[in-house]
Number of protein chains: 2
Amino acid sequence: MNPENITETIKVACSSCNLRELCMPVGFNPEDMQKLDDVVATRRRIKQGDSLFSYGDSFTSLFAIRTGFFKTCVSSADGREQVTGFQMAGEIMGLDGIVSDYHSCDAIALEDAEVCVMPFANVEELSREFPQLQRHVHKIMSREIVRENGVMMLLGNMRAEERLAAFLLNLVQRLHARGFSQSELTLRMSREEIGSYLGMKLETVSRAFSKFSDEGIIEVKQRYVRIIEPDALKKIFNPQTYS
Amino acid sequence: MNPENITETIKVACSSCNLRELCMPVGFNPEDMQKLDDVVATRRRIKQGDSLFSYGDSFTSLFAIRTGFFKTCVSSADGREQVTGFQMAGEIMGLDGIVSDYHSCDAIALEDAEVCVMPFANVEELSREFPQLQRHVHKIMSREIVRENGVMMLLGNMRAEERLAAFLLNLVQRLHARGFSQSELTLRMSREEIGSYLGMKLETVSRAFSKFSDEGIIEVKQRYVRIIEPDALKKIFNPQTYS
DNA sequence: CGCTAGGTTGACTTTAATCAAAAAACGTGG
DNA sequence: CCACGTTTTTTGATTAAAGTCAACCTAGCG
């Protein structure tokens, strides 16, 4: 681990966090909320390019993103890398580590980030006390399973342009849920990382961007993207519904 | 639901089930084991070709396979189907339904099957009482996430023959863990279903089988497969480690 | 101001998809 | 048990999509 990743011992209160509705269950009464704060032990800052955890690290905690943007990726023995997801504020990382007590992927910050460290023992203990939290944890894991099912559909059945359209729509939708624009975004990842996630080469990603741009569907300038015709993107992603 | 799928009200005891080590936590004392039996409400038989649950069905229960073989698959709006997994005895299905209370995929029996129906409310209630069961449920979900990460690597980074080699090795390994042969297996799914899972067309699957057969790595006769050179398969799947 | 990493574009190659036909296996009913 | 139609699988020929290789451009940074 990078020595600059100092684990702060400052206590953070979920009860006063504006991301609570994204990473914590809602509808708790004030006194229970107090106890729920115990699930988060510390915060931790991660610099751009540094890893939050790596393949083989022992698993102790889940991480909720407060600020910043991450990628998770797995590597094959011969060095091929597959990005398995991009995570933003309010999303939970580290679920991969539960099954074997070791992490099976790397989580790398794509910009300076801060995460809430939630020791999994705390999560489990409080889950037994609060059915609402228990249900929430189950939903988070189930959501990840369903998300990955969608990625399998993308990788197994879609062509390059459909994948990129789906990717952009998904990103902008998640950003919009966090109060950002519905039509503009700044990509935090390179063409190569997008390509890895979508199962295509960086040149193919670039060509698809250019094609969309030529067709007036989006405006692209490096990592800035503006979606001009969201319906056209949706049609590319899902031809049948929009034909 | 098919009316022939009669839900039996016969009580099944996990404590006496020979699949217990596959789908239930180990190390319980006899009196707790008794309570653990309560997690399974009923058994249900599913005929080959029938679905255990379908996209849109409301989620109430997880299912543990006692006998038989399933595929799970998702469909896009324009009718493209992606097989997201193949499940065999001792494996758990239905986790996709937790997040939204509705199933987001179909589970279809590829041979006559019998499953244990575990109402999720029971699972959650007993999980709060038994940390060991709680941990077990978390591990099952985490394992599914990690498995899907591996499939993403397969679909995103591997070529057709690598995918098929990985698929065969995975299948035979799981069968072997259940007491079957390390080298022989009978496929329960068609070439088309294998292709859907691996993101390739049925013709490509067939050609890859033929190629392995020509090279003397496997013997194929329709759905019967014998692995003659497991190391050659492993080398195809993972060139670096074996070069 | 030049260096470097990331991004774009073009020419060509490779891989797998598509289209098509035939063979093999399977199920059903006579 | 056999003949029939159906489904599944195999194989070949051709096409389409994306990968590879290479050159060049652009932006950001020391």
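First the proteins, then the strands, lettered A, B, ... as listed; each starts at 1.
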Any A/Ser210 side-chain N or O less than 4.0 Å from OP1/OP2 of C/dT9: yes

Find the distance A/Leu202:CG to D/dT20:C1' and express it as a whole number of Å. 11 Å

Between the base of D/dT26 and the side chain of A/Arg223, is there any donor-acceptor pair under 3.5 Å? no

Starting from C1' on C/dG10, measure out to NZ on A/Lys211 and report it in whole angstrom. 17 Å

Expressed in angstrom and rounded to an integer, what is the separation of B/Asp214 atom CG from D/dT10 atom P? 11 Å

Scan B/Arg159 against the nucleic acid and name what it touches under 4.0 Å (heavy atoms): base, sugar-phosphate only, or nothing. sugar-phosphate

So, A/Ser76 side chain and A/Arg80 main chain: donor-acceptor pair closer than 3.5 Å or not? yes

DNA chain C nearest-nucleotide lookup for B/Val205 and A/Ser206: closer to the 5′ end is A/Ser206

Specify the separation, in whole Å, of atom CZ of B/Arg191 and atom C1' of C/dA23. 14 Å

To the nearest 0.5 Å, what is the distance between NZ on A/Lys201 and OG on A/Ser196? 8.5 Å

Please determine if A/Arg174 and A/Glu91 form a salt bridge, counting it only when a charged side-chain N lies under 4.0 Å from a carboxylate O. yes

Tell me the interatomic distance from B/Met200, atom CE, to D/dT9, atom P, rounded to whole angstroms. 13 Å

Just how far, in rounded Å, is P of D/dA17 from NZ of B/Lys201? 13 Å

Check for me whether the distance between the ring centres of A/Tyr197 and A/Phe86 falls short of 6.0 Å. yes

Just checking B/Gly199: base, sugar-phosphate only, or nothing, at a heavy-atom cut-off of under 4.0 Å? sugar-phosphate

C/dG7 base / A/Arg207 side chain donor-acceptor hit below 3.5 Å: no

Can you check the A/Ile218 CD1 to C/dG7 C1' distance for me, whole Å? 14 Å

Considering just the side-chain nitrogens and oxygens of A/Ser190, establish if one lies under 4.0 Å of OP1 or OP2 belonging to C/dG6. no

Salt bridge between B/Glu184 and B/Arg226, side-chain N to carboxylate O under 4.0 Å? no

How would you label the contact of A/Arg163 with the nucleic acid (heavy atoms, under 4.0 Å): base, sugar-phosphate, or nothing? nothing

Whole angstrom is fine here: how far is it from CD in A/Glu203 over to C1' in C/dT9? 10 Å

